[in-house]
Amino acid sequence: MKYQNFIIIISGVSGSGKTTICKKLIELDENLYYSVSVTTREKRAYEIDGVDYIFISKEEFLKKIENDEFLEWAEIYGKFYGTLKKPIIENLSKNKDIIMDIDVQGKRNVERNFFGRVISIFLIPPSKDEVIRRLKLRGDLSKEELEKRISLIDIEMNYRWEYDYWVMNDDLEKAVLNVKKIIDVERLRARYIIEF
Ligand code: 5GP
């Protein structure tokens with residue numbers, strides 16, 4: 001039996017725990033491939049180039065746009081972020097499901113390219129105060145970056161209406177298990193079984 005693999009998109013406001021949840025999920029589920037994005041933003045001290053992001057200059061990013069290397073890309077908080085086509089196509093052909101931590105602009109573009117093969121999940125933080133507390137605690141953002149991200153929380157939260165699922169992230173382990181449940185149930189949907 002062959003089943004149609006799919007793309008899981010995780011979005012949420014800055015500080016909602018998307019990256020942490022994605023990392024935990026790939027440890028739990030060997031059939032998942034985490035899409036490593038390319039970005040022009042500065043690397044944070046704890047991040048590893050090629051693992052968390054592929055960090056490149058703006059010039060290199062523009063060149064990749066010109067060469068049509070991106071499945072989607074967007075400008076977010078004044079920096080560029082993009083998903084490379086090649087690893088996505090390669091891993092889909094290996095029958096892996098793909099997990100992406102991208103924003104709403106990326107979600108819309110990926111849905112256009114992979115119509116009917118995308119499951120979108122929006123992470124809901126317990127409260128606005130809690131998001132601000134987490135962002136400040138992280139201590140990895142400049143004052144300006146922090147203010148920009150805080151000022152966009154309300155706007156970004158409104159995008160949740162475009163998503164298939166909402167997962168509350170008040171308890172990390174519970175949130176990871178809920179995302180895992182969604183993925184497992186989606187794998188059982190009849191529309192994904194294409195051959196036997
Ligand atoms: P951060 O700088 O906090 O790692 O990420 C900022 C925002 O960029 C987050 O909302 C994250 O989901 C989004 N993002 C990360 N990679 C990509 C990407 O490849 N494409 C798009 N559209 N958004 C991305």
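All ligand and atom numbering here is 1-based and tracks the order in the structure.
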Protein contact to [atom] [nearest heavy atom, distance to 0.1 Å]:
atom: atom 1 (P) of ligand 1; value: Y53 OH, 3.5 Å
atom: atom 20 (N) of ligand 1; value: E72 OE2, 2.7 Å
atom: atom 19 (O) of ligand 1; value: S37 OG, 2.7 Å
atom: atom 9 (C) of ligand 1; value: K18 NZ, 3.4 Å

Can you sort out which atoms of ligand 1 are near [X], meaning under 4.0 Å from one of its heavy atoms?
X: Y77; result: 6 (C)
X: A74; result: 22 (N)
X: R41; result: 1 (P), 2 (O), 4 (O)
X: R149; result: 1 (P), 2 (O), 3 (O)
X: G106; result: 22 (N)
X: G82; result: 18 (C), 19 (O)

Keeping the roles fixed (side chain from [X], backbone from [Y]), state whether a donor-acceptor pair exists under 3.5 Å.
X: S37; Y: Y81; value: no
X: K18; Y: I10; value: no
X: N67; Y: E69; value: no
X: R160; Y: M157; value: yes
X: S120; Y: D164; value: yes
X: K96; Y: E30; value: yes

The one among D103, D101, I102, T83 that brings a heavy atom closest to atom 22 (N) of ligand 1: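 Among D103, D101, I102, T83, the closest heavy atom to atom 22 (N) of ligand 1 belongs to D103.
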
Of the listed options (V13, L135, I54, I76), which comes nearest to atom 7 (C) of ligand 1 when hydrogens are ignored and any heavy atom counts?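 It is I76 whose heavy atom sits nearest to atom 7 (C) of ligand 1.
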
Region of K79 that comes within reach of ligand 1 [heavy atoms, distance under 4.0 Å]: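 Within the 4.0 Å criterion, K79 makes no contact with ligand 1.
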
Ligand 1 and R44, any nitrogen or oxygen pair closer than 3.5 angstrom?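 Min N/O separation from ligand 1 is below 3.5 Å for R44.
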
Purely on distance, is any nitrogen or oxygen of Q105 under 3.5 Å from one on ligand 1?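 It does not: no N or O of Q105 is found under 3.5 Å from an N or O of ligand 1.
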
Side-chain ion pair, [X] and [Y], N-O less than 4.0 Å:
X: E60; Y: K64; answer: no
X: R187; Y: D184; answer: yes
X: K43; Y: D49; answer: no

Hey, mind stepping through V179 and I183 against side-chain contact (heavy atoms from CB on, under 4.5 Å) and telling me if it holds? CA-CA 6 Å; V179 176; I183 296 170; 4.1 Å; yes

